[in-house]
S.K.: 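Structure incoming, see below.
Every heavy atom of this structure was used, including side-chain atoms; hydrogens, water molecules and symmetry mates were not.
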Amino acid sequence: MSKQVEKPEWERIAEAFEASGQTQREFALARGVRLSTLQSWVYRRRRAATARAEPVRLLPVQVATAPETSESVLEVVAASGARVRFAVGTDVAYMARLVAALGR
């Protein structure tokens with residue numbers, strides 16, 4: 001691109017790159033833009049997307065003593081009072097999704 005390109009156009013170009021599936025070098029060569037300029041706008045776009053992401057919500061926890069039984073379970077008490085017990089070794093991502101759904 002030999003003409004001066006404005007900010008909205010670079011934002012569209014960075015978005016097109018993200019959807020292209022090409023490397024930055026391939027995309028820059030195909031579009032006739034400077035690689036360093038493309039890299040700069042892709043970085044800005046990704047940084048802005050991260051800034052718009054929903055913040056992580058932390059929940060208070062209370063550590064209790066080990067249970068007297070021989071069972072190995074983890075009990076989670078949601079803010080609503082709902083109690084859910086998981087066997088030790090249960091997938092943490094699954095537990096997080098379930099607890100988050102209970103909190104809604």
Side-chain angles (χ1 to χ4, degrees):
M1 274 182 198
S2 57
K3 65 179 178 133
Q4 185 72 11
V5 180
E6 299 297 321
K7 181 178 177 177
E9 179 63 18
W10 273 113
E11 289 171 346
R12 284 191 289 277
I13 291 170
E15 184 177 0
F17 161 73
E18 295 284 11
S20 73
Q22 295 177 304
T23 66
Q24 290 178 347
R25 183 176 307 281
E26 292 168 343
F27 187 87
L29 285 171
R31 289 286 183 111
V33 297
R34 288 179 48 138
L35 176 60
S36 61
T37 306
L38 174 65
Q39 290 170 331
S40 173
W41 282 99
V42 168
Y43 171 78
R44 291 178 197 189
R45 182 176 191 276
R46 290 176 180 172
R47 187 180 63 201
T50 302
R52 288 188 304 265
E54 223 177 278
V56 174
R57 195 178 101 202
L58 300 178
L59 301 173
V61 298
Q62 181 179 4
V63 178
T65 59
E68 296 295 322
T69 64
S70 62
E71 290 182 53
S72 294
V73 295
L74 173 66
E75 182 177 277
V76 177
V77 181
S80 64
R83 293 177 184 265
V84 184
R85 291 188 178 146
F86 300 98
V88 171
T90 301
D91 180 48
V92 176
Y94 166 75
M95 292 188 322
R97 287 191 310 271
L98 182 59
V99 171
L102 289 172
R104 291 184 197 142

S.K.: Which residues pass the side-chain contact (heavy atoms from CB on, under 4.5 Å) test with S40, sequence neighbours left out?
M.R.: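 R44.
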S.K.: Of all residues at least two apart in sequence or in a different chain, which pass the ring pair (Phe, Tyr, Trp, His ring centres under 6.0 Å) check with F27?
M.R.: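 F27 satisfies ring pair (Phe, Tyr, Trp, His ring centres under 6.0 Å) with F17 once adjacent residues are dropped.
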S.K.: Quick check on the hydrophobic clustering: are V88 and V92 connected, directly or via other members, by side-chain heavy-atom contacts under 4.5 Å?
M.R.: no
S.K.: Which heavy atom of A28 sits nearest to which heavy atom of R34, and what is that distance?
M.R.: CB-C, 4.5 Å
S.K.: What distance separates R45 CZ from R47 CZ, expressed to the nearest 0.5 Å?
M.R.: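 If I round to the nearest 0.5 Å, the distance is 13.5 Å.
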S.K.: Once you round to the nearest 0.5 Å, how far does CH2 of W41 lie from CD of E9?
M.R.: 11.0 Å
S.K.: Kindly indicate whether the side chain of L98, heavy atoms from C-beta on, has any atom under 4.5 Å from the side chain of V84.
M.R.: yes
S.K.: Are Y94 and L74 connected in a single hydrophobic cluster, I mean Ile/Leu/Val/Met/Phe/Trp/Tyr linked by side-chain heavy atoms less than 4.5 Å apart?
M.R.: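 The answer is yes; both residues are in one hydrophobic cluster.
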S.K.: Roughly how far apart are E26 CD and R31 CZ, rounded to 0.5 Å?
M.R.: 13.5 Å
S.K.: With a 4.5 Å cut-off on side-chain heavy atoms, are I13 and L38 touching?
M.R.: yes
S.K.: As an exercise, state the distance from CD of E6 to CD of E11, rounded to the nearest 0.5 Å.
M.R.: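 Between atom CD of E6 and atom CD of E11 there are 11.0 Å.
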